[in-house]
Amino acid sequence: MAEVLVYVDHVDGAVRKPTLELLTLARRIGEPVAVALGAGADATAAVLAEHGAVKVLTADAPEFTEYLVVPKVDALQAAYEAVSPAAVLVPSSAEGKEIAARLAVRIGSGIITDAVDLEADDKGPVATQAAFAASFTTKSRVSKGTPVITVKPNSAPVEAAPAAGTVEALAVTFGALATGTRITGRTPRESTGRPELTEAAIVVSGGRGVNGAENFHIIEELADSLGAAVGASRAAVDAGWYPHSNQVGQTGKSVSPQLYIASGISGAIQHRAGMQTSKTIVAVNKDAEAPIFDLVDYGVVGDLFAVVPQLTEEIKVRKG
């Protein structure tokens with residue numbers, strides 16, 4: 001069976017969930033070979049093997065932390081040349097998409113970004129994407145070279161599938177461009193204790209109907225009762241009610257959780273573009289004609305200030 005390269009997104013050896021989802025997808029089209037780079041790369045082997053990696057290629061060097069993405073592209077290219085894979089899968093983060101694009105240019109291959117599903121085919125992997133603000137679903141296949149595909153978080157389940165996970169050192173030669181842009185400083189993002197927005201299985205978002213930053217605690221309390229991430233519409237962010245880093249939409253972040261709860265959000269196309277691929281969508285809005293109701297699986301016509309707190313309390317009661 002052909003091998004499939006999977007780029008590992010990890011923090012000091014702690015593998016992030018989107019990578020484990022990629023391993024599930026990779027097993028549909030071949031044998032996953034994981035590529036882990038930087039500090040803690042060797043420590044990723046156990047969890048990667050548990051989820052199907054037959055081999056783990058690791059490399060560590062100061063270039064991976066001191067410079068921007070080019071050293072990682074050099075390493076992924078080295079892995080590609082060593083393995084000759086049937087496909088290369090990369091998480092659809094901002095950094096992941098840049099790495100994938102640079103790799104595709106270098107190896108002369110086509111690229112598919114933001115896939116939400118992947119299936120095997122006699123002519124190569126077929127990727128499913130959401131197009132035109134998720135109004136259409138398309139199926140695409142790379143027609144030139146080795147497919148390089150980035151996949152949105154929450155597109156596949158995390159499934160245990162124990163494999164050998166043999167660790168091998170990856171020899172990497174850095175090119176002249178690798179040290180072209182140095183990282184001069186890092187500021188840790190303040191933790192809220194909530195899941196990362198783009199990776200969360202549940203997202204609770206508030207919009208114009210929240211009517212002020214002082215009321216966003218209602219959205220946060222519902223999110224916390226569900227162990228969810230907090231999102232916001234562009235209207236709420238532009239008004240200064242919530243940080244831009246939490247904006248969901250065409251000019252914000254794209255999410256695809258198992259459950260998306262929209263409170264006080266009208267459902268303009270800009271917002272829909274960022275959340276329409278969510279598996280189950282629930283909306284609370286006092287305007288029965290709001291466009292969001294054309295999209296939802298479940299809708300509540302009512303004042304969010306009455307509905308959302310009741311929902312939060314009911315969840316707490318049921319959780320005991």
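Predicted model only: the values in this text are computed from it and were never measured. One-based numbering along the sequence shown.
The only option from Ser256, Ser254, Ser155 that meets the side-chain hydrogen bond (donor to acceptor under 3.5 Å, both in side chains) definition with Thr277 turns out to be Ser256. The salt bridge (charged side-chain N to carboxylate O under 4.0 Å, His left out) test with Glu119 singles out one residue from Arg27, Lys139, Arg141, and that residue is Lys139.
Under a 3.5 Å cut-off, the side chain of Thr58 and the backbone N or O of Ala169 do not form any donor-acceptor pair. Put simply, the side chain of Asp74 gets close to the backbone of Gly175: a donor and an acceptor are under 3.5 Å apart. Not a single donor-acceptor pair under 3.5 Å links the side chain of Asp121 to the backbone N or O of Val126. Side-chain atoms of Thr150 come within 3.5 Å of backbone atoms of Asp114 as a donor-acceptor pair (strictly under, hydrogens ignored). With hydrogens and angles disregarded, no donor-acceptor distance shorter than 3.5 Å links the side chain of Asn285 to the backbone of Gly264. Here the side chain of Asn154 pairs a donor or acceptor atom with the backbone of Ala200 at under 3.5 angstrom. In this structure a side-chain-to-backbone donor-acceptor pair under 3.5 Å is present from Ser109 to Thr146. Checking side-chain atoms of Ser93 against main-chain N and O of Gly96 turns up a donor-acceptor pair under 3.5 Å. Formation of a donor-acceptor pair under 3.5 Å by the His271 side chain with backbone atoms of Val248 is found in this model.
Close placement of the Phe64 and Phe174 rings is indicated, their centers lying within 6.0 Å of each other.
A donor-acceptor pair shorter than 3.5 Å can be found between the side chains of Glu220 and Tyr242. A donor-acceptor contact closer than 3.5 angstrom links the side chains of Ser205 and Tyr260. Side-chain polar atoms of Gln247 and Ser233 form no donor-acceptor pair below 3.5 angstrom. The closest side-chain donor-acceptor pair between Gln129 and Ser140 falls under 3.5 angstrom. No donor-acceptor contact under 3.5 angstrom links the side chains of Glu221 and Ser225, judged on distance only.
Using a 4.5 Å cut-off between side-chain heavy atoms of Ile, Leu, Val, Met, Phe, Trp and Tyr, with links allowed through other members, Leu76 and Ile107 fall into the same hydrophobic cluster. Note: the hydrophobic cluster containing Val35 also contains Val148 (ILVMFWY, side chain heavy atoms under 4.5 Å, direct or indirect links). The hydrophobic clustering, which links ILVMFWY residues whose side-chain heavy atoms are closer than 4.5 Å, places Leu259 and Val255 apart. One hydrophobic cluster, built from ILVMFWY side chains closer than 4.5 Å, cannot hold both Val56 and Val172; they sit in different ones. Linking ILVMFWY side-chain heavy atoms closer than 4.5 Å, directly or via other members, places Ile202 and Leu311 in a single hydrophobic cluster.
Evaluation of the side-chain hydrogen bond (donor to acceptor under 3.5 Å, both in side chains) test over residues 299-317, restricted to residues two or more places apart or in two chains, returns Glu314-Arg318. Evaluation of the side-chain hydrogen bond (donor to acceptor under 3.5 Å, both in side chains) test over residues 161-183, restricted to residues two or more places apart or in two chains, returns Tyr67-Arg182.
Classification of Glu199 and Lys253 as a salt-bridged pair fails, no side-chain N sitting under 4.0 Å from a carboxylate O. One finds a salt bridge joining Glu95 and Lys72 here, because a Lys/Arg side-chain nitrogen approaches an Asp/Glu carboxylate oxygen to under 4.0 Å. Under a 4.0 Å N-O distance rule, the pair Asp117/Arg28 qualifies as a salt bridge.
Two residues are said to be in side-chain contact when any heavy atoms from C-beta on lie closer than 4.5 Å; Ile149 and Val90 fail this criterion. Side-chain contact between Val8 and Leu37 is absent, with no heavy-atom pair separated by less than 4.5 Å. Between Glu196 and Arg16, some side-chain heavy-atom pair lies under the 4.5 Å cut-off. Considering only heavy atoms from C-beta on, Val69 comes within 4.5 Å of Arg102 through its side chain. Looking at heavy atoms from C-beta onward, Thr128 lies in side-chain contact with Thr137 at the 4.5 angstrom threshold. A heavy-atom distance below 4.5 Å is not found between the side chains of Val204 and Arg194. Taking 4.5 Å as the limit, every side-chain heavy atom of Val4 sits out of range of all side-chain heavy atoms of Val33. A heavy-atom distance below 4.5 Å is found between the side chains of Leu20 and Val15.
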CA sep, side-chain torsions, deciding dist, call: Tyr80, Leu5, side chain to side chain contact (heavy atoms under 4.5 Å, CB included): CA-CA 7 Å; Tyr80 166 82; Leu5 279 186; 4.1 Å; yes
Pair Leu226-Ile261, side chain to side chain contact (heavy atoms under 4.5 Å, CB included): steps then yes or no: CA-CA 11 Å; Leu226 291 166; Ile261 301 177; 3.8 Å; yes
Step-by-step side chain to side chain contact (heavy atoms under 4.5 Å, CB included) determination, Asn215 to Phe305: CA-CA 9 Å; Asn215 297 323; Phe305 294 102; 3.8 Å; yes
Residue pair Val116, Val151: steps toward the side chain to side chain contact (heavy atoms under 4.5 Å, CB included) verdict: CA-CA 6 Å; Val116 295; Val151 181; over 6 Å; no
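With values rounded to the nearest 0.5 angstrom, Asp60 atom CG is found 11.5 Å from Leu170 atom CG. Between the CD1 atom of Ile29 and the CD atom of Glu3 there is a distance of 12.0 Å, given to the nearest 0.5 Å. Once rounded to the nearest 0.5 Å, the distance linking CD of Glu21 with NZ of Lys152 reads 12.5 Å. The distance from the CG atom of Leu25 to the CD atom of Glu159 is 9.0 Å, given to the nearest 0.5 Å. In this structure, CD1 on Ile281 lies 6.5 Å from CD on Gln276, to the nearest 0.5 angstrom. Here the straight-line distance linking atom OG1 of Thr24 with atom CG of Leu118 works out to 11.5 Å at 0.5 Å rounding.
Contact between Gly302 and Val284 at its shortest, heavy atoms only, is O-CG1, 4.0 Å. The shortest heavy-atom contact between Val230 and Ala223 is CG2-CB, 3.5 Å. Nearest heavy atom pair, residue Val6 against residue Pro32, reads CG2-CB, 4.4 Å. The two residues Ala41 and Thr44 make their nearest non-hydrogen contact at O-OG1, 2.6 Å. Smallest separation of non-hydrogen atoms from Ser263 and Leu304: C-CD2, 4.0 Å. In terms of heavy atoms, Thr65 sits closest to Ile183 at O-CD1, 3.6 Å.
Heavy atoms from other residues, nucleotides or ligands lying under 6.0 Å from NZ of Lys17 number more than 12. Arg208 CZ: 12 or fewer foreign heavy atoms inside a 6.0 Å radius. For Glu81, the CD atom is densely surrounded, since the number of other residues' heavy atoms within 6.0 Å is greater than 12. When the shell of 6.0 Å around CG of Leu177 is examined, it contains 12 or fewer heavy atoms from other residues, nucleotides or ligands.
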